[in-house]
Amino acid sequence: MSAAAPVRPTTGSAYTDGHGIFQASVERIEDGRLVSDRRTVAADVCVIGAGAGGAVTAKELAEGGMRVVALEEGPRFRTDDYTARPREMTTVLFRDAGQTATLGNVPVVLPLGRSVGGSTLINSATCFRTPPAVLEAWVGRFGLEGMAPAELDPYFRRVERELNVAQVPAELAGRNALVVKRGADALGWSGDFIYRNVRGCVGSGICQWGCPTSAKQHVGLTYVPRAWEAGAVTYSSCRATDIEVAGGRARAVEAATSGGGRLRVECDHVIVSCGTIGTPLLLGRQGLGGGSGQLGRNLTLHPATGVRALFDETIDMAVGVPQSYFIDEFAREGIMFEGAAGPPDYVAMSLPVSGDAHRELMARYRNLSQFGIMVSDHYSRGSVRERFGVVQIRYDLHPRDVATFKRGIELMCECYFAAGARVVYPPVEGLDELGEGELEPLRRRRVRATDLTVLAFHPLGTARADARPDHGVVDADLALRGVRGIHVADGSVVPTSLGVNPQITIMALATRLAYHLLGAAPPQHEPHPESIAHPRVGAPPALNPARDSGPRSPRAPAMAAG
Amino acid sequence: MNPDPIAIRQVAVKRASSRPGTWATVACLLIRGQHGRFQALSPREASIFACLTDTVVAPRPWLPPVSDTDAVSFFDRWLTRSPAPQRMGLRALLYLVEVGPLLAGFGRRLRRLGAAERIAFVHRVEHARAPHIRQLAKLIRGMAFVSYYGDDAIMRGLGYDPDRNLERGRALRAAEGRP
């Protein structure tokens, strides 16, 4: 810790005080639904996408003095647009009305955002830094110099300050978290209350469907207004269609507005931040980034499922922060447990029974608990491509990751029983419920991918960074190979499964990219957090030693030779 | 003179109830006109979805019948906002659900089955040996659950009041100058 950097509080009122949320003096946003003519604008940088990667890059570059135009395919939502009704908001805030799913050996529902704020608008606001073991693996295995923990530390600190990352206090965590904590404590397992990007949270219980108090500090409420303040302009409902390249360099971006108009942004730099699904599709349509053969490949998702349990005591999952506690005791095995509470419609959808049994369970909704299991998919892989105009997301769950799921489900059931649950409901086909202590049927059960119900929230890796040109779509500075002036800043550059929620990783990498483009030194002056989570996540295994265990740095031999 | 929709509904309920093996609420839904015209669903598709929802939710005795909720009109809105391929796929899936009992040897279409036969059919497809059938069953069943339990009155009955949540948010934002 540098002596000069101050300390930023992360507990108590740092979480609960809602005063002082930044509001831009001017909102520089054009609604593409109202743009029906043809326009041409000039900028230094065109940022495509206004989510975790794009909004951060746009703000940092604008504050660094660049003229920035940001394009966002989705609309802008204000807090007044939220209805506090998860069912309704799913159809409005989520891409494809919440119906994005993968094809493969088990379908995986993949909720994604599509708005100013991107998926940060619909996530659970969970904040973890990239685990140090993962960063060290990136440096060692992919040659990603400059991404070691100490080197990324100032960028993490900057992001955490901008988002006001603070820890959920126990009184707002909700009883869903507290009963699981009780079970984990009884078993001696490691866990803690989650750090989140909020300011003035009161535990409304519906973070993923639009925070009604504006407490969740998604990038649409933080980075985007800051970017406006610094002069950036956002075009919402405006979909980038072409990146114009001339003389080996990006020159302009063409976009279609929802109002039937066209927008041309003439610029020197393009930042592609369309997300892990959108970025390879946009680049692929333009014939860009395909030199390594990795574009659209290496998709990881952090597949997840949930265990439910029935208690005698009142849980009331609609009260409190839905994802407020995590258990990292088994994180080195690739298993993270995180809260997954929610209102009745959300819970009804996920119960594994129907008919009278479902009705009876829902009648006891206030006694139900639900907790999520997230698996680091070190072995499963997927891809994104477009065929005949249809986007295909392919993902196959590897048997080793299925085995990790099975272990995670067993452990979560054990935790629930330790917490006093009467019945648990494992998400395994043919095992609708287990009575107290009845884990043997689950342990004996051979579980296949098709026996699971899987969701995923963290797509990563489809334009992965790698210092070796034939292994990565972008280099260690996130520059797209094969053309000058294009960089990628979103989850697609993340080369491995993280083991933790990825938003802070994506934002820190985007901040680092902006500083690199500005030629600025890392922000060492940023305050150190009073405390921060240190989950016990291990390094991702090397899948293919021939491909993934190159020299520590490809530049090192050259320097030695010189 | 326009016919009285309430009177028509009462007649429909009476007639449908008197026919064994016919699902009464379906007729109500088709005739009552409470939700007006659907945008994505045909009346038949709406009826199939309502019947499926009635089957998987089994709304008795403390839950209102499907026709007294906005489950079907919500599902219609959901489809309207869905991409075309998904919308077409889900509509096709509804027809598959309707003829599924015929294919499974129940002898009649879903809406012609009694309640016990319908739930027996649903249980059979939920636990089908073919994983793709199980996954499709999970998909459409989940949509039925979320459509039904997302009704305001039901959520309030289960302890979640969205309007109270919104009101608290508005008050906080006004008091603290939040955006």
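Sequence lines set the chain letters: A, B, ... in the order given, protein chains first and strands last, and positions in each chain run from 1.
For chain A, the nearby part of Ile119(B) is the side chain; its heavy atoms alone come within less than 4.5 Å. For Trp62(B), the part lying under 4.5 angstrom from a heavy atom of chain A is the side chain only. Within the 4.5 angstrom heavy-atom criterion, no atom of Ala357(A) approaches chain B. With a 4.5 angstrom heavy-atom cutoff, Ala215(A) touches chain B via backbone and side-chain atoms both. For Glu429(A), the part sitting under 4.5 Å from any heavy atom of chain B is the side chain, from C-beta outward, and nothing else. Contact annotation for Leu368(A): neither backbone nor side-chain heavy atoms come within less than 4.5 Å of a heavy atom of chain B. Contacts between Arg95(A) and chain B at a heavy-atom distance below 4.5 Å are absent for every atom of the residue. For Leu221(A), the part sitting under 4.5 Å from any heavy atom of chain B is the side chain, from C-beta outward, and nothing else. Both the backbone and the side chain of Thr453(A) come within contact range of chain B, with heavy atoms under 4.5 Å apart. Using a 4.5 Å cut-off between heavy atoms, Pro352(A) touches chain B through its backbone atoms (N, CA, C, O) alone.
In Arg164(B), the CZ atom is not crowded: 12 or fewer heavy atoms of neighbouring residues, nucleotides or ligands sit closer than 6.0 Å.
Ion pairing between Arg87(B) and Asp96(A) fails under the 4.0 Å rule for side-chain N and carboxylate O. A salt bridge does not link Arg87(A) with Asp152(B): every distance from a Lys NZ or Arg NE/NH1/NH2 to an Asp or Glu carboxylate oxygen is 4.0 Å or more.
For the set Arg170(B), Arg168(B), Lys138(B), the entry with the most heavy-atom pairs within less than 4.5 Å of chain A is Arg168(B). Most heavy-atom pairs under 4.5 Å with chain B, from the set Met349(A), Met317(A), Arg199(A), Arg364(A): that is Met349(A). Looking only at heavy-atom pairs under 4.5 Å with chain A, the residue among Ala115(B), Ser147(B), Gly157(B) that has the most is Ser147(B).
Judged by distance alone, with hydrogens and angles left aside, the side-chain atoms of Arg178(B) form a donor-acceptor pair with the main-chain N or O of Thr213(A) at under 3.5 Å. Under a 3.5 Å cut-off, the side chain of Arg359(A) and the backbone N or O of Arg60(B) do form a donor-acceptor pair. With hydrogens and angles disregarded, no donor-acceptor distance shorter than 3.5 Å links the side chain of Glu176(B) to the backbone of Gly20(A).
At least one side-chain heavy atom of Phe74(B) sits less than 4.5 Å from a side-chain heavy atom of Thr91(A).
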Quick one, Thr450(A) with Gln135(B), criterion side-chain hydrogen bond (donor to acceptor under 3.5 Å, both in side chains). Give me CA distance, side-chain angles, the key distance, then yes/no.
CA-CA 8 Å; Thr450(A) 51; Gln135(B) 299 293 352; over 6 Å; no
Using salt bridge (charged side-chain N to carboxylate O under 4.0 Å, His left out), reason through Asp163(B) and Arg85(A) one step at a time and then give a plain yes or no.
CA-CA 9 Å; Asp163(B) 289 324; Arg85(A) 289 161 172 82; 2.9 Å; yes
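Note: His358(A) and Tyr148(B) fail the aromatic proximity criterion, with ring centroids not under 6.0 Å apart.
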